[in-house]
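Worksheet for the structure shown next.
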Amino acid sequence: MKYISTRQQQATNIKTAILKGLADDGGLFMPEYIPQLDSEFFENLPNLTLQEIGFRVAKEFLGESISDDNLKEIIDEVLNFEIPAVKISENIYSLELFHGPTMAFKDVGARFMARMMSYFSEGKPMKVIAATSGDTGSAVASGFFGVPGIEVYILYPKGKVSPLQEKQLTTWGGNIKALEIHGTFDDCQALAKQILSDEELNQKFTLTSANSINIARLIPQSFYYFWAFAQLQKLKKPIVFSVPSGNFGNLTAGLFAKKMGLPIHHFVASTNENDVVPKFLETGNYESKPSKQTISNAMDVGNPSNFERMKSLFNNDVSEFKKEIKSYSFSDEATKKAMQEVKKDFNYTLDPHGAVAYLGLQALRQAQSDKINEDFVGVLLETAHPAKFVEVVEDVLKEQIEIPEKLEAFNKREKKSVEFPVDFEAVKNYLIEEK
Ligand SMILES: *Cc1c(COP(=O)(O)O)cnc(C)c1O
């Protein structure tokens with residue numbers, strides 16, 4: 001399987017695609033075609049474990065670049081926590097993606113990417129650059145912590161992540177460095193792109209990206225769509241996924257799963273007030289905007305990086321997008337109300353991101369148009385444990401929530417970060433002087 005840049009000027013193998021992250025022409029790597037799984041796989045799906053599904057799906061993308069034994073070992077390590085589809089109400093399930101070490105869904109992608117990079121880098125020293133709006137950084141840090149030869153630089157927007165998220169970014173030490181940027185997430189993402197494409201830095205170091213632009217983050221995110229089906233197929237109803245979206249990596253991985261043959265009925269791309277994609281589906285025009293700060297801050301993205309991948313999946317055709325995806329944007333007020341409603345009616349605690357996804361399912365049910373509106377099972381992807389956003393959740397629900405020990409441990413450690421203005425030269429000098 002070849003991997004091709006969305007800007008069409010570079011084709012390479014999976015190893016290079018993963019080690020580079022971003023293509024030389026500035027595009028994102030995509031598999032040259034989406035592999036198909038056979039009918040036997042789908043018939044047998046309800047009997048497979050999460051790890052077996054992960055292996056089968058990953059194998060399709062990785063081919064002979066890694067031995068079956070090595071891949072199995074990596075998959076078993078990555079997926080060493082549960083991903084249950086928890087029933088909220090008759091027709092709504094929460095796919096809890098947050099049972100990993102940092103309690104956000106990004107653990108899945110980051111753990112897989114870290115192991116694939118370490119495998120393919122064959123022990124050569126490497127610098128990994130990650131811009132984060134909160135959860136990516138900690139999942140990446142956790143995934144790479146202590147991996148020999150790999151230094152990780154995390155760029156995060158000062159004052160725009162929750163106190164616990166900040167602790168999860170800044171308390172690792174060792175091979176993990178936290179760069180606190182006086183700017184927005186978009187500034188961090190732009191700086192990361194500049195670093196990765198800087199000629200001088202690329203001559204000095206082997207640089208790579210750990211953002212959702214890396215194809216190694218996307219591949220494992222498709223596993224759990226299959227896994228949700230394995231759990232819910234017995235309901236014998238069409239299944240709709242509502243994906244709380246920021247950079248649209250999670251949704252893109254769902255599109256991969258569908259193109260591989262998984263009969264997903266429809267997708268809802270649910271966003272907060274950062275509504276570039278809902279607007280695009282409404283008007284046909286893609287206009288990036290500065291990101292707005294919201295209570296679902298991991299989705300505060302004004303220029304979603306995976307839009308380029310979705311465009312290539314849909315051959316740049318808005319009507320193709322519309323066939324698969326409905327997209328809605330929700331205010332913080334609506335999000336808070338949804339959290340209260342779900343708590344009151346179903347005694348289930350949603351984090352703000354999951355609440356946005358819940359609203360997406362409600363909106364789809366209310367939509368009068370077309371035939372999607374038949375009886376379906378809605379699966380919202382619950383992307384973070386509510387305790388990761390304890391301030392917001394407690395304020396909204398007016399009750400204390402329990403902080404799992406895994407998270408409490410971070411609170412006890414000491415923050416260490418280096419502050420920077422939004423100034424590429426300053427960050428560049430730091431990287432050079434650092435080693
Ligand atoms: C990153 C993140 C999202 C958005 O995922 P994308 O793949 O960037 O669309 C949603 N919820 C949480 C909790 C996240 O950390």
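Indexing begins at 1, ligand by ligand and atom by atom, following the structure's order. Heads up: numbering here begins at 1 and tracks the sequence.
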**Report entry** Residue-ligand contact P244/ligand 1, heavy atom below 4.0 Å
**Finding:**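 Yes, that is the case, since the closest heavy atom of the residue is under 4.0 Å from the ligand.
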Query - F105 to ligand 1, any heavy atom closer than 4.0 Å - result: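 Yes, F105 has heavy atoms under 4.0 Å from ligand 1.
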Query - M299, R217, K106, M103: member with heavy atom nearest to atom 15 (O) of ligand 1 - result: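 The nearest heavy atom belongs to K106.
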Has ligand 1 got any nitrogen or oxygen that is less than 3.5 angstrom from a nitrogen or oxygen of [X]?
X	result
A298	no
S245	no
D351	no
H353	no
Q221	no
F389	no

Query raised in the report: Do D317 and N315 have side-chain N/O donor and acceptor atoms under 3.5 Å apart?
Result: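 No, no side-chain donor-acceptor pair sits under 3.5 Å.
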Query - Nearest non-hydrogen partners of S65 and L62, listed with the distance - result: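 The answer is OG-O, 2.6 Å.
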Report task. Answer yes or no: is there a donor N or O on one side and an acceptor on the other, between the side chain of T132 and the main chain of G137, under 3.5 Å? Result ->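 A pair under 3.5 Å: yes.
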Report task. Under the salt bridge (charged side-chain N to carboxylate O under 4.0 Å, His left out) rule, what do E308 and R7 come out as? Steps first, then yes or no, please. Result -> CA-CA 9 Å; E308 212 164 307; R7 302 195 186 164; 2.8 Å; yes
Query raised in the report: In terms of the angle between their ring planes, are F280 and F321 parallel, tilted or perpendicular, with boundaries placed at 30° and 60°?
Result: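 Rings of F280 and F321: perpendicular, over 60°.
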**Report entry** H385 and F98 aromatic ring geometry - parallel, tilted or perpendicular at 30°/60° bounds
**Finding:**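 Rings of F98 and H385: perpendicular, as their planes differ by over 60°.
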Report task. Would you indicate whether the side-chain heavy atoms of V268 and I325 approach each other to under 4.5 Å? Result ->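 When only atoms from C-beta onward are counted, V268 and I325 do not touch, as no gap falls below 4.5 Å.
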Considering the heavy atoms of [X], write down every atom of ligand 1 situated less than 4.0 Å from one of them.
X	answer
G246	4 (C), 6 (P), 8 (O), 9 (O)
N250	7 (O)
A384	13 (C)

Report task. Could you go through the salt bridge (charged side-chain N to carboxylate O under 4.0 Å, His left out) check for E151 and K127 one step at a time? Result -> CA-CA 5 Å; E151 300 275 326; K127 284 187 192 294; 5.4 Å; no
Query raised in the report: Does the salt bridge (charged side-chain N to carboxylate O under 4.0 Å, His left out) test come out yes or no for E399 and K343, once each step is laid out?
Result: CA-CA 11 Å; E399 63 180 65; K343 183 71 191 180; 3.6 Å; yes
Query raised in the report: Side chain or backbone of K388 under 4.0 Å from ligand 1, or both, or neither, by non-hydrogen atoms?
Result: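 No part of K388 is near ligand 1 at this cut-off.
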